[in-house]
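Input: a single structure, listed below in structure tokens.
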2 protein chains.
Amino acid sequence: MVQIVTDPILKVPETAHAIEQKRRILEAASRVFRRQGLHATGMRDIAAELDMHAGNLYYYFRNKHDLLAFCQEEALTGLLEAAEEILASDAPTGERLGRLIVVHVERVNEQTPGSLAHLEVEALEEPWRRAIQERRDAYERVYRLLIERGVEEGCFQTNDPRVAAMAILGALNWTVKWYRPGGRKDASEIGREFAELLVAGLTARAKSRDGSH
Amino acid sequence: MVQIVTDPILKVPETAHAIEQKRRILEAASRVFRRQGLHATGMRDIAAELDMHAGNLYYYFRNKHDLLAFCQEEALTGLLEAAEEILASDAPTGERLGRLIVVHVERVNEQTPGSLAHLEVEALEEPWRRAIQERRDAYERVYRLLIERGVEEGCFQTNDPRVAAMAILGALNWTVKWYRPGGRKDASEIGREFAELLVAGLTARAKSRDGSH
DNA sequence: TCACAATTTGAACGATGGTTCAAATCGTGA
DNA sequence: TCACGATTTGAACCATCGTTCAAATTGTGA
């Protein structure tokens, strides 16, 4: 994982135990953030989730922002890797966008750490915020570039690919506000229905524009 | 404005000055909430925005939750009124949905108090939370019912009107995270482009389903 | 001008939560 | 078994923030 802060690196011996503890702390933090909400979660809550004391968290993380940024970093890394994989495939553009949508909804709703990716970057202070914001921007660009490519190919039609990308990402990100595992539909189904709606919104007008249907 | 808390009503003489002060406080609170973020805004910040002291806020509002709920209540009232007006019109269903979308984006981004409507209801405690959640649910139902009506009429096609409604509302609500007044496009333009994309996503497959085009 | 209600002030209080760190405990290799 | 590094504890500290309220100030009607 790329070091994302510019302060002197916190010196923790990279023992197997330390690596495992950091992973456990990040996972616990994500669960509690998701369950209680970001702002209602304190360091004591995260520590309690692991039957440890808050002081211990500071052995592995510089401060709360450091911990939160690691959570978001990991989530964004997962999304970016998934995005690269999908972009590298030779599927049609519309199908690629659809798969991006499904993967996004799945990852932010069904996997920890996941739900915090770029959702509340404003809860971070500098320099963590900038680091995460850049990763987030890179992820948004994936959507915009894919939409632009679709417009070039003639299979999408939109006046402003960036606005379309933001609309799509908004729909996807807002799912963490209302979707709960264990309901009538799982995140994959939600993702697929979102993909149908949102991709159709782009392709429909391309079809009616070029008259071929 | 309907009294939304069940605690004994805070006794403030309804003088012209008091009414004007509450309005000014709500407007200032919305501005600061919007500028700094809900959780980074304290009572002292809101008071400072009006060159007054935090203690004074407690003359007009029971507590911070009361103030926040008033903000959200006002925003939701505006949205619900606009929704009722649009539903009462005799425009085609797709056009009505489009107008709802535009009005929503405009209201949450260009008007104070606006941006806080149902965005962070989880920041409220009971009984304020329940009151706002009910209003919010009523507003979501407007979208779902309109989509269901469109499906019945054959101009929309979707497997799950509720999921479609949530996708649309997610796209709309997320605009407060990234849209800033003064950019290349105003909120109305953003709203119109959203409407094109999202309504097209519903109508497109209805067209391809019934084969008439 | 005065009495009184309305309104504002601003210091203080209590709770919360991030953070620190000396001491204690644990784990490991010799 | 022991020394030493790794890790954890947990109380304390400090800052912040919501809230209170006695006192002061302002506004208004008689």
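None of the values given here were measured: they were computed from a predicted structure. To find a chain, count down the sequence lines: A is the first, B the second, and so on, and within it residues start at 1.
Distances shown here put every side-chain N or O of A/Tyr58 at or beyond 4.0 Å from the OP1 or OP2 atom of C/dT20.
At whole-Å resolution of the value, CG in B/Leu124 and P in D/dG18 are 14 Å apart. Separating the CG atom of B/Leu68 from the P atom of D/dT19 is a distance of 11 Å, rounded to the nearest angstrom. Distance CG (A/Leu67) to C1' (C/dG18): 12 Å, rounded to an integer number of Å. Atom CG in B/Asp66 sits roughly 14 Å away from atom P in D/dG18 (whole-Å rounding). Following rounding to the nearest Å, B/Asp45 (CG) and D/dG18 (C1') show an atom-to-atom distance of 12 Å. Across the protein-nucleic acid pair, B/Lys64 atom NZ and D/dT16 atom P stand 15 Å apart, rounded to whole Å. Distance, B/Asn63 CG to D/dC17 C1': 13 Å, rounded to whole Å.
When the side-chain hydrogen bond (donor to acceptor under 3.5 Å, both in side chains) test is applied to B/Arg162, no partner is found at least two apart in sequence or on another chain. Residues that satisfy the ring pair (Phe, Tyr, Trp, His ring centres under 6.0 Å) test with B/His53, not counting sequence neighbours, are absent from this structure. Considering only residues two or more places apart in sequence or on other chains, B/Glu126 meets the salt bridge (charged side-chain N to carboxylate O under 4.0 Å, His left out) condition with B/Arg130. Scored by the salt bridge (charged side-chain N to carboxylate O under 4.0 Å, His left out) test, A/Lys177 finds B/Glu122 as partners (sequence neighbours excluded).
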What donor-acceptor contacts under 3.5 angstrom involve side-chain atoms of residues 92-101 of chain A, with partners at least two apart or in another chain?
unit_1, atom_1, unit_2, atom_2, d
A/Thr93, OG1, A/Glu153, OE1, 2.6
A/Thr93, OG1, A/Glu153, OE2, 3.2
A/Arg96, NE, A/Ala91, O, 3.0
A/Arg96, NH1, A/Leu87, O, 2.8

B/S/- along nucleotides 5-15 of chain C (protein heavy atoms under 4.0 Å) is -SBBBB-B---
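Contact between A/Asp45 and A/Ala40 at its shortest, heavy atoms only, is OD2-O, 3.7 Å.
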